[in-house]
There are 2 protein chains.
Amino acid sequence: MHDSDQPPASDRPNAADETWFDAWRGVLFASARALRVADQDMVEHDGFPLTWLDVLAQLADAGPAGLRMQELEEVALFTRGGLTRLVDRIEAAGLVRREPVHGDRRGVLVVLTDEGRQRHDAAFARHREVIEREFGRRLTPAQHRAISDALWPFWHGDGAATSE
Amino acid sequence: MHDSDQPPASDRPNAADETWFDAWRGVLFASARALRVADQDMVEHDGFPLTWLDVLAQLADAGPAGLRMQELEEVALFTRGGLTRLVDRIEAAGLVRREPVHGDRRGVLVVLTDEGRQRHDAAFARHREVIEREFGRRLTPAQHRAISDALWPFWHGDGAATSE
DNA sequence: AGACAGTAGTTGTCAGGACAGCGAGAACTG
DNA sequence: CAGTTCTCGCTGTCCTGACAACTACTGTCT
């Protein structure tokens with residue numbers, strides 16, 4: 001947020017100690033920009049926001065058995081709390097349904113409906129295209145590799161989920 | 001969000017067409033994780049959230065003349081709308097004050113107070129430390145360089161600010 | 001079995017962000 | 001200089017996310 005007019009790191013090799021901050025800024029801006037565009041696009045074309053895709057994608061990955069609220073909350077990227085109402089909305093739209101858990105009457109199983117799966121598939125395909133356009137195509141394959149390798153630990157366990 | 005258990009891109013060089021998606025995921029998770037930790041830390045230690053720092057930092061960069069609401073909205077990273085109430089809160093906390101614009105009675109100039117500058121400096125210093133810990137120290141200098149160079153266009157003009 | 005702690009999910013309540021509409025003022029036009 | 005249009009920031013209203021009770025149920029311990 002500061003020093004916004006400095007040249008890229010490659011132009012000032014003496015500032016090695018500060019380079020991490022430029023890297024951070026890049027990550028921050030790239031994600032903020034792409035997410036905003038992707039969210040707008042999804043609301044416009046699919047009729048629901050990115051948070052819904054987050055939930056639907058987890059359920060699509062989980063298979064036909066669905067997921068319990070608790071499991072869903074653990075794996076979802078955006079929503080840390082307030083999952084109840086989010087699922088309420090998605091259920092009201094008919095993309096998901098709640099079922100009792102066999103053997104635990106406290107629990108609730110969230111399952112994709114047929115329409116939910118279709119809408120997810122369509123939205124996810126479109127989402128990939130948007131991200132590819134807003135992010136992927138702006139970089140070279142070598143850059144993809146470099147970023148992917150460097151940032152891989154952040155989404156592969158590593159305590160990335162909740163806290164330290 | 002899918003394929004969450006695959007090895008990193010470096011382990012499956014044949015999937016070159018898909019590597020951008022892993023890079024995206026890395027960017028997404030890295031920023032989400034660091035931002036969440038940073039926001040929590042800031043609320044806890046500085047008493048205000050990251051959105052305030054965003055505003056304060058822009059004002060600190062802008063110099064003693066301050067910024068008009070409109071300019072502030074253009075450069076702020078997080079807040080797209082609703083800047084009025086955000087500035088209301090920051091003003092109520094005494095970190096900022098509104099002044100009339102000489103020669104345009106519609107406009108409002110937002111200026112840092114002395115306390116605002118002090119609080120900004122402290123919060124920003126701490127914020128850097130948190131980001132360095134949560135992001136910087138997890139990567140090598142070479143990786144910082146690679147990411148910084150690749151993602152630099154996203155925050156350096158390029159239409160990265162608001163829309164296409 | 002009865003008491004007790006732990007777990008699962010929902011609900012109440014409130015703060016923050018999104019969006020549309022508003023009035024005041026400025027700029028442009030004839 | 002009157003009329004129109006545009007800009008600037010504020011306000012009303014709704015929607016979503018955060019946090020804290022609260023209910024229902026499970027499991028354990030004696």
Side-chain angles (χ1 to χ4, degrees), chain A residues 32 35-44 47-56 58-59 66-93 96-111 162-163, chain B residues 32 35-44 46-56 58-59 66-93 95-111 162-163:
Chain A
L35 279 180
R36 182 170 47 205
V37 174
D39 192 51
Q40 279 179 204
D41 181 275
M42 187 160 297
V43 169
E44 193 170 328
F48 53 77
L50 258 180
T51 49
W52 289 33
L53 183 68
D54 192 16
V55 169
L56 296 177
Q58 300 299 342
L59 294 174
L67 287 174
R68 299 185 56 154
M69 294 291 285
Q70 184 192 356
E71 301 173 294
L72 200 47
E73 186 147 19
E74 282 170 6
V75 293
L77 181 56
F78 299 114
T79 60
R80 305 160 250 188
L83 194 61
T84 297
R85 327 238 186 185
L86 179 55
V87 172
D88 283 350
R89 274 171 256 141
I90 306 178
E91 187 178 25
V96 131
R97 85 179 159 268
R98 282 186 232 237
E99 293 182 355
V101 177
H102 180 69
D104 186 347
R105 282 187 293 178
R106 292 170 304 182
V108 171
L109 215 45
V110 185
V111 184
T162 49
S163 63
Chain B
L35 279 179
R36 182 170 47 206
V37 174
D39 191 51
Q40 280 179 203
D41 181 275
M42 188 161 295
V43 170
E44 192 170 329
D46 301 295
F48 53 77
L50 258 179
T51 49
W52 288 33
L53 182 69
D54 191 16
V55 169
L56 295 177
Q58 300 299 342
L59 293 174
L67 287 174
R68 298 185 56 154
M69 294 292 286
Q70 183 193 356
E71 301 173 296
L72 199 48
E73 186 147 21
E74 282 169 7
V75 293
L77 181 57
F78 299 116
T79 61
R80 302 163 252 188
L83 194 62
T84 297
R85 327 237 187 186
L86 178 55
V87 172
D88 282 350
R89 274 171 255 141
I90 305 178
E91 186 178 26
L95 308 189
V96 130
R97 90 180 155 266
R98 282 185 232 236
E99 293 182 355
V101 177
H102 180 70
D104 186 349
R105 281 187 292 177
R106 293 170 303 181
V108 171
L109 215 45
V110 185
V111 184
T162 50
S163 62

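To find a chain, count down the sequence lines: A is the first, B the second, and so on, and within it residues start at 1.
Under the rule for a salt bridge (Lys or Arg N to Asp or Glu O under 4.0 Å), the partners of A:Arg106 that lie at least two apart in sequence or sit in another chain are A:Asp104. Evaluation of the salt bridge (Lys or Arg N to Asp or Glu O under 4.0 Å) rule for B:Arg97 yields B:Glu99 as partners, not counting sequence neighbours. Partners of B:Asp41 according to the salt bridge (Lys or Arg N to Asp or Glu O under 4.0 Å) rule, which considers only residues two or more places apart in sequence or in another chain, are B:Arg126.
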Any N/O pairs under 3.5 Å between the protein and nucleotides 2-5 of chain C? List them or say none.
none

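Between the CG atom of A:Leu83 and the C1' atom of C:dT7 there is a distance of 16 Å, rounded to whole Å.
Think of the region where chain A sits on DNA chain D: with heavy atoms and a 4.0 Å cut, that region ends 5' and 3' at D:dT16 to D:dT26.
Sequence order on DNA chain C of the closest nucleotides to A:Gly107 and A:Asp88 puts A:Gly107 first from the 5' end.
B:Glu71 places a side-chain N or O within donor-acceptor distance of the main-chain N or O of B:Arg68, the cut-off being under 3.5 Å. In terms of modelled atom types and a separation under 3.5 Å, the side chain of B:Asp54 and the main chain of B:Ala76 share no donor-acceptor contact.
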*Check the pair A:Val96, A:Leu56 against side chain to side chain contact (heavy atoms under 4.5 Å, CB included), reporting the backbone distance first and the verdict last.*
CA-CA 8 Å; A:Val96 131; A:Leu56 296 177; 4.2 Å; yes
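Between A:Val55 and A:Leu86 the shortest side-chain heavy-atom distance falls below 4.5 Å. Between B:Phe48 and B:Arg89 there is no side-chain heavy-atom pair separated by less than 4.5 Å. Residues A:Leu72 and A:Leu59 are in side-chain contact: their nearest non-hydrogen atoms beyond the backbone lie under 4.5 Å apart.
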*Which nucleotides of nucleotides 16-27 of chain C have their base under 4.0 Å from a protein heavy atom (B), which only their sugar-phosphate (S), and which neither (-), written as one string 5' to 3'?*
SSS------BS-
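Of all non-hydrogen atoms in B:Val110 and B:Met69, the two that sit nearest each other are CG2-SD, 3.5 Å.
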